[in-house]
Each structure stands twice: as structure tokens, then as C-alpha cells.
Protein chains: 2
Amino acid sequence: MLNPKYLKTFATLAETGSFTKTAERLFMTQPGVSQHVKKLEQSCECELLVRLGKGIELTEQGRQVYRYAQQDEARQQRFLEQLKFDEPHQGRCILACSGAVALRIYPGLTALQAKYPALSIHVEVAPRHRIVESVKQGTIDIGIVTNTPADESLSADYLAEEVLNLFLPATVTDLTSINTTLGRLGLVDHPDAAHYLQLYCNHSGEESLANLEIPKLKRSGYVNQLSQILLPVSAGVGFTVLPASVEKHAGHGSNIAVYPAACTVSEPLYLVRSRHRKLPARYAGVTKAIYDAVQQS
Amino acid sequence: MLNPKYLKTFATLAETGSFTKTAERLFMTQPGVSQHVKKLEQSCECELLVRLGKGIELTEQGRQVYRYAQQDEARQQRFLEQLKFDEPHQGRCILACSGAVALRIYPGLTALQAKYPALSIHVEVAPRHRIVESVKQGTIDIGIVTNTPADESLSADYLAEEVLNLFLPATVTDLTSINTTLGRLGLVDHPDAAHYLQLYCNHSGEESLANLEIPKLKRSGYVNQLSQILLPVSAGVGFTVLPASVEKHAGHGSNIAVYPAACTVSEPLYLVRSRHRKLPARYAGVTKAIYDAVQQS
DNA sequence: GCATTACATAAATTAAAATTATCAATTTAA
DNA sequence: TTAAATTGATAATTTTAATTTATGTAATGC
């Protein structure tokens, strides 16, 4: 739309106030300057300067175009300069993970960002399949998921275990016939509830849970806001299965009990990246922050 | 430096992932796309994408260039759109005046800006000659000065009178031999002091003041911060001549006295603009605010 | 009022960019 | 495994755009 050469010529003309001097300074001929200005005026669809007997005067639009030209040149120069460097604490990092993992890693990432204000960390909470998809197509640089994707173009590094808890209202004291109790309470549903519950029942080491008929289970509520899933449980109106770390952040305290299963149930977390892509230096610090966050909790 | 056509081609390539599809979408041929990318890489002095067997993948720099291309296009479109309109309450207004006038008009301008946040009002305090000069060369859009400039290219509209006061310490009670008193106190100097004092003595209607030998007068201090000029006067260590409006804003209250001259001394204020320039719509409101400010005070 | 300065216009030249034609590499299907 | 198809790179030609030379016109100064 706006030819940058014309902008440069116009800016110089605005500064010198003379077509001839502009031509000299830019190593071109005077008619060239005239033509650049004319074409720029055509692009802008308005007059940029008025010819007075002595010298020229910019119109209001001419002034605006001059400002734009200056800023544009400066911006481009800055951009090209920083393009050459791979600053370790500067630029945009784009991650995706589940809501539960976000709860675990976001404080550490925020701290990192506070330490290096030029860092800009974007965390997107998304369902598993969309995370893998986004990393593959390159819109997300690092994904955290619970399995190693089959795709050859992706690499997966083991991070940590994510412990799953079965959360019950604290009012439930009799745990002898757990299946009946769960059936009475009903599941507080959320996007990952079915997956978590299936996993939990199969690996809790308790025969009764393994026989739980999940599809037939009553759904006593649904919410896709992680921090609010435990609310109905604390109110005594349902149960749910979630990563253990969620409880700390939600803070419903003594109203919630954790079912004491025979085995601890957990699933692994993997850090997924594009195998063919060399990530910029700033991801080193971010990756370290992620490791620290998931391993301490 | 960065050809916007190449940027557009590269951005489309980043989105389609295919040279051929990019060519189709931009109504060009496939070799054209190859050439654009190659030249863009030369401009950036780095590789922007790697050719994988299946499809392409952007390098880190390629991603940055893609972001830049997107932003640049959006920015230019926005700029060209707003260039066509002359919004009455949006944009930058640049004024210049004396410090005393700034004191009178700035509150009103600030109020205007508060009412229309998209307005950006810049007030530059400068000596008379520089104001006229700046308006002529177009770096200042509106100037306020105390005389009508001779220059044909400038227009001057009468605004109001600026009353001048001779400020004395309140401790001075005997005004019978004012020349002696002034000589004893000494002048608190500031950039416009000589000009104001000359004017005051010539038009006060008092013979003794008209005979005051200004060049021989003792200088008892100097400061070019308008709000601080009256400080030495209130402390009893000198006198000065200033626009009456300054006293209200400085607020030294009862420590300062105004000499009761036979005549009120004042000089006119003129609003100066470039005669050949049509100012944008937003200056209507600004000009009105200036009139209101100088006429009520 | 004539010379000088400064910008505009038109035609010609030169440079740049796009296309056509062709090649090489990779992928897909037989 | 090989032949056909797809996809991008390269080279030469054509087309388009930009620049310059030559010339004209208006304003300013001596």
C-alpha cells in the first residue's frame, strides 16, 4: 500500500523543505522526488503538501504521514536489530497445558516474568488433543500432556507424575460401600472427569471401584472452570476426581475429604515439542521453571 | 529495507504452508513466491523457513518476521483509515506560549483532555521569538504571544489582555520614594523580567518609575521557573514584575503586596497561526478552551 | 525585466520484477 | 520397485515499474 521508498523520500522532503536538496541527499534526481510524492499522495488519496511561492508546507495529512514514516522506519530498524540476537530473557513464549498443570506451573512462570519484564509468557489451557495438534502445526511452542504422542515429528520429555485424588464431601464418613456412596452423590462433571475417573478406578487397587459402572453414574453437576469444580463437592452435593494439586489452590479446606485408596493413582506428564524446531534461548529458563514447578509439588 | 510485498507473500506462505497455494491465493506464479522468500531472507540476513520433505517449517526468525508482517499490515491499514477522517476530539495538538500564559490555559486544556482521552495536548513554554519561529516552520501549530508578528505568512487573533503587576514584599509599607525602595530591594530576575519591567515603568502613569534606570538596577536573584519567582519576593529579598495571573497560582498569599500604580499596565495576547494552513477539527475545541481560560481570568 | 532558482512534465532509458519453460527432488500409486 | 504426479528451484525472457534526461513553467531576486 505505502511504498517505503516513497515514505523515506517524503520524510526527507519534509525535513529539508526542498525537492532539490532531498534529491541530493538521497542520491536521486529532482523529478524522482516529485514523482515519489505524487505517487504517495495517490496511495494516501489526499494531498500531503501545498506548494507555496517560497518553499512548501505540509498539510495535516502530510504531517501525519511524516510521523508515520518516521515511526515505521524506526520500528523496522529495531525489529531487524533484535532479529539477529537470541536474547535469553526477552520475547514471547507460548505454552499449552491442562488447567490443572497450569495451576502448578503458572506461579513459577509469573515469577520468571517478574524477574525479566521483557519476557512475555502465554499459557493456554486446552484439551489434550488440541495441545498436540497445536504443537504440531507450530502455533504452540511447548505443550504439556499426559502421554507421549505417537507422531514422529514431536519429541516428548518426561516431567513428573500427576497424582489423582477422589474428592468426597467431608460429611461422608462411612467408606465401607464406596460404590453405593458414589452412586448416591453423583459425579461433578468437568472436561477431563471421565478420563480421570476411569484411570482412578482402574489403578486404585480396590476391586469395588474397578467394578464401578461409570457410564451409568449420575452426573450431579458440570463446570469447566477448574477452580470451581470442588465447590459442589465441598457443599456435599457430589464427588469428583482431579489432580491432587488442584485442592491446594481451590482452598475449600475442611469441607472436602480425599478417599484413601489402596494405591496412589497417577499419570505421567510429558513436555512435548516439535522435533525439527530449535527453540530460542528464552525457552531454557521457561523449561527450567516448569520442571521446578512440577517436581516440587 | 523490508519489501512489504515480500512480507505479504511470506505471511501467506506461513499460513498456507505451500508455495503453490500461496501463488494461487495472491494471483502470482510459484517461482515468484520462491523469489520473494529468497529476497526477504536476504533482507533479514537469516533463514526464515526450512524445507522439510512434507511441507515447510518456519524458523524462530521466520515466526518473528511473520508476526511483524501481520502487525505491520494491520497498522498501515488502521493508519490509512484514520487518515481520511478529521476527528474533532482525537489526535495531537501542539501549542507554545509563555510560562504565565501556560499557567492560565493549562487547567482548561487538561480538563478538555480529561473529557476526550484520545486528545493529546502538548504545551511548550518558550520565549517569544522561538514561538513565532516554530509556528512559521510548522513544528508548533498554535502560538500565543504578546504582539502581532510582522510576517505575512502568520495570522494573529486578539485574545485578551495580560495585566502586569509590580510585586513587592508585604513588609514594604512606605511607598513614597518607590525608586529608592526598588533600588534597595533589587530585581528578582527571570527570562522576561527586563521586558515586563520596561513595559510597566513606561505605562504605569507614574513619573518616578518612568525615570527608573533599569540597567543599573541591582539583581537580587534569578530563576526561570515561573512558579518560584515570587518566592524571594515573599521572603522580602527583592521585587519583580509579572503577569497578575501568576500570583494566584503561586500562592504566597499575604507575604506579597501589589504596588498600586496610577494606571493598570497590560499587554495584549495574540493567538498566532500559520495563515496558509488549515488546522484539523480538533483545534476548534482547543482554541475555545484557550479563549475561555484567558477571558475568565 | 532579465537572470536565476525551483519544481513539473514527457519521453527515453534503465532496472526490477514477473512469467514461462525447464529441471530436480520427493511422494504416491501401481 | 518403478513410473507418474506433485512440489519447489533455477534460468531466460518478457513485462512492468522506476529513474533519468531533456525541457517547460512559475516565482523570486538583483
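Lettering of chains follows the sequences in order, A, B, ..., and the numbering in each one begins at 1.
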Separation of atom CD in A:Gln35 from atom P in C:dA6, rounded to whole Å: 20 Å

Between C1' on D:dA17 and NE2 on A:His36, what's the gap in Å once rounded to a whole number? 10 Å

Determine: side-chain N/O of A:Lys21 to OP1/OP2 of C:dA6, distance under 4.0 Å, yes or no. no

Atom-to-atom span, CD of B:Gln42 to C1' of C:dA17 - whole angstrom: 14 Å

Considering only C:dA10, D:dT19, D:dA11, which nucleotide approaches the side chain of A:Lys5 most closely? D:dT19

Give one of base, sugar-phosphate or nothing for B:Lys39, where a contact means two heavy atoms less than 4.0 Å apart. sugar-phosphate

When only distance counts, do a donor and an acceptor, one from the side chain of A:Gln30 and one from the base of D:dT19, lie under 3.5 Å apart? no

Expressed in angstrom and rounded to an integer, what is the separation of B:Asn3 atom CG from D:dA18 atom C1'? 14 Å

Taking atom P of C:dC7 as reference, at what distance in whole Å does atom CG of A:Leu49 sit? 10 Å

Could you grab the distance from atom CG of A:Leu7 to atom CD of B:Gln76, nearest 0.5 Å is fine? 7.5 Å

Do the side chains of A:Lys278 and B:Glu60 get close enough for a salt bridge, i.e. N-O under 4.0 angstrom? no

Lys/Arg N to Asp/Glu carboxylate O, B:Arg104 vs B:Glu162, below 4.0 Å: yes

Check whether any side-chain N or O of B:Ser34 sits under 4.0 Å from OP1 or OP2 of D:dA9, and answer yes or no. yes

Do any side-chain nitrogens or oxygens of A:Thr20 fall under 4.0 Å of OP1 or OP2 in C:dA6? no

If you pin A:Leu13 and B:Phe27 to their nearest nucleotides in DNA chain C, which one's is more 5'? A:Leu13

Rounded to whole Å, the NZ-P distance (B:Lys8 to C:dA18) equals 15 Å

Under 4.0 Å: is that the gap between some side-chain N or O of A:Arg51 and OP1 or OP2 of C:dA6? no

Run the side-chain hydrogen bond (donor to acceptor under 3.5 Å, both in side chains) test on B:Thr12 and B:Thr22 for me, step by step, so that the C-alpha distance in whole Å, both residues' side-chain angles and the decisive distance to 0.1 Å come before the verdict. CA-CA 6 Å; B:Thr12 309; B:Thr22 301; 6.0 Å; no

What's the closest nucleotide to the side chain of B:Phe19 if the choices are D:dT20, D:dG8, C:dT20? D:dG8

Send over the distance from B:Lys38 NZ to D:dT10 C1', rounded to a whole Å. 7 Å

Nearest-Å distance, CE (A:Met28) to P (C:dT13)? 21 Å

Atom OG in A:Ser43, atom CG in B:Leu83: separation rounded to 0.5 Å? 11.0 Å

